[in-house]
Amino acid sequence: MAATPVEYTIGGVKINFPCKAYPSQLAMMNSIIRGLNNGQHCLLESPTGSGKSLALLCSALAWQQAQFVKEQDAGTGFADCKKSEVVTPCQCACHSRNAQSTFNTRASRPPTVHLTCEGKSDQHKKPSLSSRLSEKLQASLNNGEHDDDFKNDRKRIRTPGTEQKISKRRCLEKGVIYIDDDDEEEESLERPVPGAQTWTMELNNGARADSCQSQPQCCSPVSCSLCPCANLKAGQKMAEMSKDNEKDKDGSGKKKIPKIFFGTRTHKQITQIARELKRTLYSTVPMTILSSRDHTCVHPEVVPHANRNERCKEFLEAKNGRSCRYYHNVHKMRDQSTLQWVHGLHQAWDIEELVRLGGKLRSCAYYAARELMQEACIVFCPYNYLLDPLIRESMEINLKEQIVVLDEAHNIEDCARESASFTLNQAQLLLARDEIDGMVTHNIRRDQHRPLLAFCCSLTNWVQESCGGLEEREYESSCKVWTGVEVLGIFRGLGITADTFPLLQKNLAAVLEKEERVGLVNGREETVQVPTISSNTQSMLKSLFMVLEFLFRQNCRFADDYRVALQQSYMWTTQQDLPDAQGFFARPHRRRQSNRTKTLVHTLSFWCLNPAVAFSDLSSTVRSIVLTSGTLSPMGSFSSELGIKFSIQLEANHVINKSQVWVGTIGAGPQGRKLCATFQHAETFAFQDEVGALLLKVCHTVSRGVLCFLPSYKMLDKLRDRWTNTGLWDKLEECKTVITEPRGGGKGDFDELLQTYYEAIRGTAAKGEKRDGALLVAVCRGKVSEGLDFTDDNARAVVTIGIPFPNIKDLQQIDLTFKLPPLSTLLSEYVEAFLTGSVTVGICTDD
């Protein structure tokens, strides 16, 4: 049976929720509304499975819708509101005149709220808010009074305070739950003395139904909020207002309504968020999903290509005389109203639906999604699209005065560090030097290319000189690491300072501009495009300049947060076939298999060790940042690392009772041996056999799906080999279908693996096979550990073996460790490891 929608009013914002909200959801929505009203940043922790994504969507979209309504009311004025708009009745189920005339009002209205008093009240005390509202409501019902706002023969002008009080009374009449955190309003209404009375809220579908006059709603000329056609009209209206909002942002000085940029970690999570949005009354809100060409390109000649970005750019630039016909048809699906009313995407859609539509219309889904962002009220994307400055620039994402929501933000620190880091190799640097030198030689924008050539030559010479001073670290591997301050001193000797770097940025922007000139082609004057450096060189220089801009920013404020590493290693490469003296190549079947050679490789890495560097762009421009996850504690260290003041913080409780789930640690196995998953003990056969016996007992005891997470792929391989040799693996397969997470592989292979797991569980329930369900052995920080929901039978038990500590041999991790004080280092490693384990277990915890 479908849940009854409930309307909550929080902080003056009406929120339509698809069901009765949990206390944790109410707390989240209250915090989000307060943050958006005041332009503050929110850090909200709510356990996985408590419905935080639903609370995020409903509260943020309700607040945005309220802003559109306020803007519209302010623009129309009082005179435009005299006459009510006449709406043509639709023919849907809830508005058809052929419906039953005796429509039950109790079932169609939202749940009514009772405010009941517990305990004795003092007669000398002032009447409470509940009693006064009840008296006014009863008096109005007995006297047959109606709301004066709907009378045409007289006007009333109310003060804002009176208007808000009467709106609260109407909320009680309609059965709306009202949560107000406005302190001034509470003082003006004279709240009861704390401790004297206790108030409870109860939902009752039949409350006050007998005292209210029931009217048939099936013939109402006004569409109800639960009607699908009403949602479509609301979505179209919001799209029009959003479009007008985009037009007015540069002109008339109107207050711009913020867009909502909703970021998640993976595209799988975006799919789940879109599914949650479909459940709400905001499912028709104008939206879009930003993604890469790997997920959205439908061109048959680009999809099979290894590098879709380069292949797509070749078609866009019409190289070889061929252009992209899909890009020229993007107008077929780049408008929100066309998408909803013509192509049938009425409700919240997924990226796969847009791709299917693009293939059907022969239209580019990648650029259509970007065009839809102009009229969208909410934009979904992976959160590196919001943190990485280069991706924001390429996708034309403007976050000024916008709302940024980052769901599942427990990995946001790593993503922020990666967004402000960059690694290049010596070959890329030499290629850039040669390309720019060719531009100078052919007199193409010589004045702008010369400084860039000098920069590349200086950096190349420094890399070559520094290769002689590298220290051996491992077999055939050596490196040297400098601090950010030391590198700035080195760059100062190369002539690159905070004063000269802006000139380099201007020169790079100038050489990347597309320009057409009139020139002689085969003796005729034609318009030709000025050549530019290759896209690979452009990308390399942009990324390198991004890092240098962070280093020089605000008087080198972030210099201590960077480490620069020069590493030398060897890699196997395949030599390309060279033509012989006559210019011929060897045939494919004559090629020798000994073309692979060992090549020396030098890489230069700029590592950002502080996530606050990437967040410095966001915190100073956006209106509000809302970070949510199931594992954010400790809040203090998390907010300090991001360098943002989160004025609103929340740690919500779980909605699951303690009797529904058991979480604990097991220190000994079935045979009484101690279970200690440290590196030394995990290598022993005794530990491996004991863990295997424990896992087998769990599989015999627990039916349906069982998940087992290990710290690394290395341990997975060792346990699988040991259990295969001892025969334990065969016993596990006799009990359940055993599936292991692959180390690599494509997206299709991984989806097929999950489908096998789900089908094994469903097949057990349907056919009653001997094998009871399935066992999925995966790795923490892997593909299975995040971005997927394992609900109900898919995860009746979760076993985590060991703690996924960071790799101690990782050079970047070592530098991050040395940057922190000893105690902070230890705590940081333990916190990161335990948070990873908590997230791994949390994906399977659902009510």
Phe615 and Ser419: CA distance, side-chain angles, deciding distance, side-chain contact (heavy atoms from CB on, under 4.5 Å) verdict: CA-CA 10 Å; Phe615 267 91; Ser419 299; over 6 Å; no
Verdict with supporting geometry, Ser535 and Glu310, side-chain hydrogen bond (donor to acceptor under 3.5 Å, both in side chains): CA-CA 8 Å; Ser535 58; Glu310 292 300 320; 2.7 Å; yes
CA sep, side-chain torsions, deciding dist, call: Leu566, Cys467, side-chain contact (heavy atoms from CB on, under 4.5 Å): CA-CA 8 Å; Leu566 179 61; Cys467 288; 4.3 Å; yes
Test log, rule side-chain contact (heavy atoms from CB on, under 4.5 Å), inputs Phe638 and Ile412: CA-CA 10 Å; Phe638 191 89; Ile412 202 68; 3.6 Å; yes
Verdict with supporting geometry, Met546 and Asp388, side-chain contact (heavy atoms from CB on, under 4.5 Å): CA-CA 10 Å; Met546 174 203 69; Asp388 195 313; 4.3 Å; yes
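The aromatic rings of Trp462 and Phe491 sit perpendicular to each other, their planes meeting at more than 60°, with 30° as the lower class boundary. In this pair, Phe455 and Phe545 present their aromatic rings perpendicular. The plane angle is above 60°, beyond the 30 to 60° band.
Judged purely by atom type and a 3.5 angstrom limit, Glu435 has no side-chain atom pairing as donor or acceptor with the backbone of Ala432. Checking side-chain atoms of Asn461 against main-chain N and O of Cys457 turns up a donor-acceptor pair under 3.5 Å. Under a 3.5 Å cut-off, the side chain of Ser605 and the backbone N or O of Trp607 do not form any donor-acceptor pair. Here the side chain of Ser539 pairs no donor or acceptor atom with the backbone of Asn536 at under 3.5 angstrom. Using a distance-only test at 3.5 Å, with no hydrogens or angles considered, no donor-acceptor pair links the side chain of His41 to the main chain of Ser647. The backbone N or O of Lys400 sits less than 3.5 Å from a side-chain atom of Asn398, completing a donor-acceptor pair. In terms of modelled atom types and a separation under 3.5 Å, the side chain of Arg392 and the main chain of Leu387 share a donor-acceptor contact. With hydrogens and angles ignored, the 3.5 Å screen pairs a side-chain donor or acceptor of Thr500 with a backbone N or O of Thr497. Remark: the backbone N or O of Val511 is paired with a side-chain donor or acceptor of Arg445 at under 3.5 angstrom. Although no hydrogens or angles enter the test, the distance criterion places a donor-acceptor pair under 3.5 Å between the side chain of Gln64 and the main chain of Pro258.
Atom OH of Tyr326 sits about 9.0 Å away from atom CD of Glu301, to the nearest 0.5 Å. Taken from NE2 in His267 to CZ in Phe380, the straight-line distance is 13.5 Å, to the nearest 0.5 Å. Atom CZ of residue Phe646 and atom CG of residue Leu632 lie 9.0 Å apart, to the nearest 0.5 angstrom. Taking CG from Asp560 and CG from Leu609, the interatomic distance works out to 10.5 Å, rounded to the nearest 0.5 Å. Here the straight-line distance linking atom CD of Glu413 with atom CG of Asn610 works out to 10.0 Å at 0.5 Å rounding. Rounding to the nearest 0.5 Å places CZ of Arg334 at 10.0 Å from CD of Glu375.
Taking both residues in full, the closest heavy atoms of Ile436 and Cys456 are given as CD1-SG, 3.9 Å, listed atom of the first, atom of the second, then distance. Summarising the geometry of Cys324 relative to Leu316, their closest heavy-atom pair is CB-CD2, 4.5 Å, with the distance given to 0.1 Å. Between Tyr366 and Ser291, the shortest heavy-atom distance links the atoms CE1-O, 3.3 Å. Here the shortest heavy-atom pairing between Gly469 and Lys480 reads O-CD, 3.9 Å. Among all heavy-atom pairs drawn from Asn384 and Cys415, the shortest one is CB-SG, 3.6 Å. The shortest heavy-atom contact between Gln336 and Leu372 is NE2-O, 3.1 Å.
His331 has its side chain within reach of Asn329: a pair of non-hydrogen atoms, C-beta onward, lies under 4.5 Å apart. Contact annotation: the side chain of Ile490 approaches that of Trp482 to within less than 4.5 Å [non-hydrogen atoms, C-beta and beyond]. A heavy-atom distance below 4.5 Å is not found between the side chains of Thr532 and Leu512. Within the 4.5 Å cutoff, the side chain of Ile32 has no heavy atoms near those of the Trp63 side chain. Counting heavy atoms from C-beta outward, Val626 and Val404 have side chains that stay 4.5 Å or more apart. A 4.5 Å side-chain heavy-atom check between Ile289 and Thr296 finds every atom pair outside the cut-off. Side-chain contact between Glu396 and Arg370 is present, with at least one heavy-atom pair separated by less than 4.5 Å. The shortest side-chain heavy-atom distance between Leu399 and Phe261 falls under the 4.5 Å cut-off.
Applying the 6.0 Å contact sphere to NZ of Lys514 captures no more than 12 heavy atoms from other residues, nucleotides or ligands. Within 6.0 Å of the CG atom in Asn555, the count of heavy atoms belonging to other residues, nucleotides or ligands does not exceed 12. Within 6.0 Å of CD in Glu471 there are 12 or fewer heavy atoms belonging to other residues, nucleotides or ligands.
Taking the six-membered ring for Trp and the full ring otherwise, Tyr327 and Tyr367 have centroids separated by under 6.0 Å. Residues Phe606 and Phe422 place their aromatic rings such that the two centres sit no closer than 6.0 Å.
No side-chain donor from either of Gln40 and Ser624 sits under 3.5 Å from a side-chain acceptor of the other. With 3.5 Å as the limit, one finds a donor-acceptor pair spanning the side chains of Ser616 and Arg553. Looking at Thr628 and Asp407, their side chains do bring a donor and an acceptor atom within 3.5 Å of each other. A donor and an acceptor atom, one from each side chain of Ser534 and Thr537, are located under 3.5 Å apart.
Residues passing the salt bridge (Lys or Arg N to Asp or Glu O under 4.0 Å) test with Arg308, sequence neighbours excluded: none.
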